[in-house]
2 protein chains.
Amino acid sequence: MDELDSAIVAHLQADARLTNRELARRLGVAPSTALERVRLLRERGVIRGYHADIDLAALNRPVEAFVACRVRPLSRAVIDNFKAALNSLPEVLASYVCAGDDDFILHVAVPDLERLHEFLIDRLSERREVLGFRSSIIFESTRKPVFAELPS
Amino acid sequence: MDELDSAIVAHLQADARLTNRELARRLGVAPSTALERVRLLRERGVIRGYHADIDLAALNRPVEAFVACRVRPLSRAVIDNFKAALNSLPEVLASYVCAGDDDFILHVAVPDLERLHEFLIDRLSERREVLGFRSSIIFESTRKPVFAELPS
DNA sequence: CGTGAAAAATACTCGCT
DNA sequence: AGCGAGTATTTTTCACG
């Protein structure tokens, strides 16, 4: 990870569909150089993939929330089972296994509040391992690209 | 948003660098058709952009956490000011303005636990509008593509 | 490692249905 | 809207510094 790699990562994070030619031009290197660097970054797993960023409202899911759950017993089997069950639900965008007040944090997106309530009551509360949960409706969200390494 | 649009969104969410040719092949339409559809989806804001998914550990930031904050007074001015200040910090990946027990939820990534502590003490606690906060260290995270619309 | 140039693949345009 | 053929760009390979 030298400066050239960091610059590539920064550019592709901002726009994953940059042509290799344009990327090379911005970096001030030959297209073949940029191409090879990007190939290596993918191979090393630094670049994990490329994803389109979709407007959730356009997919009829304008309501987002975090749902933090307490789960017991907190065994490997229960965690994996719970995680798999949740990720198969269409309402769930992402799930996080955590240490702290909450064992799981779910990021969900639904068409409306009624559907959120339904999810909490019918999907989450139903599960025996769920001791309790707490929801936070998201009003605004800001995601930032991770431009550079933090100094160590 | 007909089925063709949904399929395009699904494919580009999974791999934003699909060639238009391959996309068209998978959809069973002509390349020019796919190209025009994608153009319209971007124009309508359904596709907001394309981003490379980067391994945070490779950028020297293997430790992730959610930090949920209570902020007072919860006025527009304080919210906007707090939000702007946080988003300018390199540790912060994303920030969410919420309703619920927490007013703000921050997604942070740092090189190690020491740096997390430092962030909490020096950056967050320092601020007068912060009444309190609660951190959850993330052990595992799973992000899912949003494949289809939920039925209304 | 990086380069430049050639070959292969792809994007994009446009007249037509 | 969707299509297909033609043209312009781009990607990708590779022999060389």
Side-chain angles (χ1 to χ4, degrees), chain A residues 1-62 111 145-152, chain B residues 1-61 145-152:
Chain A
M1 284 298 293
D2 57 8
E3 278 191 33
L4 193 53
D5 284 334
S6 293
I8 290 172
V9 162
H11 277 109
L12 291 181
Q13 211 164 87
D15 180 6
R17 297 214 69 159
L18 263 186
T19 63
N20 182 64
R21 189 171 212 264
E22 175 63 13
L23 178 62
R25 198 190 60 76
R26 294 194 195 178
L27 300 171
V29 298
S32 47
T33 304
L35 198 70
E36 176 66 2
R37 288 289 195 132
V38 171
R39 198 186 64 74
L40 286 170
L41 285 169
R42 289 223 60 174
E43 201 169 282
R44 284 163 44 205
V46 177
I47 297 176
R48 292 201 253 198
Y50 304 100
H51 305 291
D53 174 21
I54 305 300
D55 178 20
L56 289 168
L59 296 184
N60 191 32
R61 296 164 72 170
V146 193
F147 277 118
E149 307 182 41
L150 282 179
S152 299
Chain B
M1 284 299 292
D2 58 9
E3 278 189 34
L4 194 53
D5 285 333
S6 294
I8 289 172
V9 164
H11 278 107
L12 291 181
Q13 211 161 83
D15 179 6
R17 297 214 68 159
L18 263 185
T19 63
N20 182 65
R21 191 170 209 261
E22 175 62 13
L23 177 64
R25 199 190 61 74
R26 295 195 193 176
L27 300 171
V29 299
S32 49
T33 304
L35 199 69
E36 176 66 2
R37 288 287 194 137
V38 171
R39 199 186 64 74
L40 287 171
L41 285 168
R42 288 223 61 173
E43 201 169 283
R44 283 162 46 205
V46 176
I47 297 175
R48 290 201 253 196
Y50 304 99
H51 305 290
D53 175 21
I54 304 301
D55 178 21
L56 289 169
L59 296 184
N60 190 32
R61 296 163 73 168
V146 193
F147 277 119
E149 306 183 40
L150 283 179
S152 302

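Excluded from the calculations below are hydrogen atoms, water molecules and symmetry mates; all remaining heavy atoms, backbone and side chain alike, are included. Order of the sequence lines fixes the chain letters, A, B, ..., with proteins taken first and strands second; residue numbering starts at 1 for each chain.
- When atom types are taken as modelled, the side chain of A:N60 and the backbone of A:P111 share no donor-acceptor pair closer than 3.5 angstrom.
- Each of C:dT3, C:dC1, D:dT13 was ranked by its minimum atom distance to the side chain of A:L35; first place goes to D:dT13.
- The base of D:dG4 sits with one of its N or O atoms less than 3.5 Å from a complementary donor or acceptor on the side chain of B:S32.
- Of the candidate nucleotides C:dT3, D:dG2, D:dC3, D:dG2 has the atom lying nearest to any side-chain atom of B:L4.
- Within residues 11-24 of chain B, no residue approaches DNA chain D, by heavy-atom distance under 4.0 Å.
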Kindly determine whether B:R37 and B:D2 satisfy side-chain contact (heavy atoms from CB on, under 4.5 Å), including the steps that lead there.
CA-CA 11 Å; B:R37 288 287 194 137; B:D2 58 9; 2.9 Å; yes

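- Judged purely by atom type and a 3.5 angstrom limit, B:R17 uses its side chain to pair as donor or acceptor with the backbone of A:A16.
- Atom CZ of B:R26 and atom P of C:dT10 are 12 Å apart (whole Å).
- Between A:R37 atom CZ and D:dT12 atom P there is a gap of 18 Å when expressed in whole angstrom units.
- Between A:D15 and A:R26 there is no salt bridge, since no side-chain nitrogen of the basic residue lies less than 4.0 Å from a carboxylate oxygen of the acidic one.
- When the side-chain nitrogen and oxygen atoms of B:R39 are compared with OP1 and OP2 of C:dC12, none of them lie within a distance under 4.0 Å.
- Residues satisfying the side chain to side chain donor-acceptor pair (under 3.5 Å) criterion with A:E36, sequence neighbours excluded, are A:R39.
- Of the possible polar contacts, none joining the A:D53 side chain to the B:R48 backbone as a donor-acceptor pair under 3.5 Å is found.
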